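Just so you know, these numbers come straight off a predicted model, no measurement behind them.
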Amino acid sequence: MTRRLPLTTAGIWCECLTRDPASGQPRTLATFDATTPGQAIRWIRVALRTITPVLHGQARNEAWHWLEAEHANARRGLNFGEPHTLTVTQGSNRITWTARPVTFLTMAHRASIFTAQDIDTETE
């Protein structure tokens with residue numbers, strides 16, 4: 001008996017972007033497909049905590065404020081289906097994290113529907 005997987009699943013699509021200093025074009029630094037709002041916000045918090053020690057001035061203050069207080073509002077918004085964007089600017093460098101609710105299409109290579117035993121019995 002084969003177990004059918006749902007064709008779609010709800011999730012949160014997360015991206016971390018910057019701008020190329022020469023061309024001004026956006027450049028993707030990282031992406032993440034979260035299954036819950038909490039997981040999405042945790043991904044952003046870990047990345048932001050990683051760079052906070054090298055920030056200074058207003059950028060550092062804004063980063064710590066988001067880490068200590070605003071992340072809860074971001075998570076709450078995602079729970080209600082609202083996207084969230086966080087941008088940190090240090091000099092000419094700007095990093096933007098986005099998290100937005102999406103519907104993922106289940107991919108065959110991401111979830112196996114057959115076991116080795118299923119394959120052996122079908123070939124007999």
Side-chain angles (χ1 to χ4, degrees):
M1 183 171 134
T2 11
R3 190 179 93 225
R4 296 202 182 258
L5 296 175
L7 293 177
T8 60
T9 56
I12 311 289
W13 179 247
C14 306
E15 293 179 305
C16 180
L17 305 168
T18 189
R19 293 226 177 255
D20 184 280
S23 68
Q25 295 297 315
R27 185 170 46 183
T28 302
L29 297 176
T31 61
F32 179 63
D33 52 329
T35 56
T36 65
Q39 193 179 38
I41 296 302
R42 192 168 29 258
W43 181 76
I44 296 171
R45 291 183 78 200
V46 167
L48 188 56
R49 271 196 212 113
T50 302
I51 69 165
T52 299
V54 298
L55 298 175
H56 59 274
Q58 186 65 23
R60 185 182 185 110
N61 293 341
E62 289 173 3
W64 277 114
H65 177 71
W66 190 90
L67 286 167
E68 293 174 350
E70 292 301 314
H71 74 277
N73 290 334
R75 182 178 179 172
R76 203 170 3 268
L78 285 171
N79 277 324
F80 287 108
E82 300 168 4
H84 181 73
T85 300
L86 169 67
T87 300
V88 174
T89 304
Q90 173 86 36
S92 62
N93 298 312
R94 186 171 81 183
I95 300 174
T96 300
W97 289 270
T98 61
R100 63 182 186 274
V102 295
T103 301
F104 291 112
L105 180 62
T106 303
M107 302 298 287
H109 73 282
R110 301 279 303 241
S112 175
I113 59 171
F114 293 108
T115 65
Q117 183 181 4
D118 291 334
I119 294 170
D120 288 342
T121 58
E122 287 183 8
T123 56
E124 291 177 352

If you round to the nearest 0.5 Å, how far is CG of Leu17 from OG1 of Thr28?
-> 5.0 Å
Residue pairs fulfilling ring-ring contact (aromatic ring centres under 6.0 Å, His included) with at least one residue in residues 56-92, sequence neighbours excluded | Trp66-His84
In Å and rounded to the nearest 0.5 Å, what is the CD1 to OG1 distance from Ile95 to Thr87?
-> 10.0 Å
Mind checking the CG-CD spacing from Asn73 to Glu70? Nearest 0.5 Å is all I need.
-> 5.0 Å
Spacing of CZ belonging to Arg27 relative to CZ belonging to Arg19, to within rounding of 0.5 Å = 11.5 Å
Taking all non-hydrogen atoms of both residues into account, name the closest pair between Phe104 and Gly11 and its distance.
-> CE1-CA, 3.5 Å
Not counting sequence neighbours, which residues clear salt bridge (charged side-chain N to carboxylate O under 4.0 Å, His left out) with Glu15? List them please.
-> Arg100
Given Trp13 and Asp33, is the side chain to side chain contact (heavy atoms under 4.5 Å, CB included) satisfied, shown in steps?
-> CA-CA 5 Å; Trp13 179 247; Asp33 52 329; 4.0 Å; yes
If you group Ile, Leu, Val, Met, Phe, Trp and Tyr by side-chain heavy-atom gaps below 4.5 Å, do Ile12 and Val102 land in one group?
-> no
Considering all heavy atoms of both residues, which atom of Asn79 and which atom of Pro37 are nearest to each other, and what is their separation?
-> OD1-CG, 3.1 Å
Considering all heavy atoms of both residues, which atom of Ala99 and which atom of Leu78 are nearest to each other, and what is their separation?
-> O-CD2, 3.5 Å
Look at the side chain of Thr18 and the backbone N and O of Arg94, then say whether any donor-acceptor pair between them is shorter than 3.5 Å.
-> yes
Would you name the heavy atoms of Arg75 and Gly38 that are closest together and state the gap between them?
-> NE-CA, 3.6 Å
Quiz: residues 41-55 side-chain donor-acceptor pairs under 3.5 angstrom, not counting sequence neighbours:
| residue | atom | partner | partner atom | Å |
| --- | --- | --- | --- | --- |
| Arg45 | NH2 | Leu67 | O | 3.1 |
| Thr50 | OG1 | Val46 | O | 2.7 |
| Thr52 | OG1 | Leu48 | O | 2.6 |

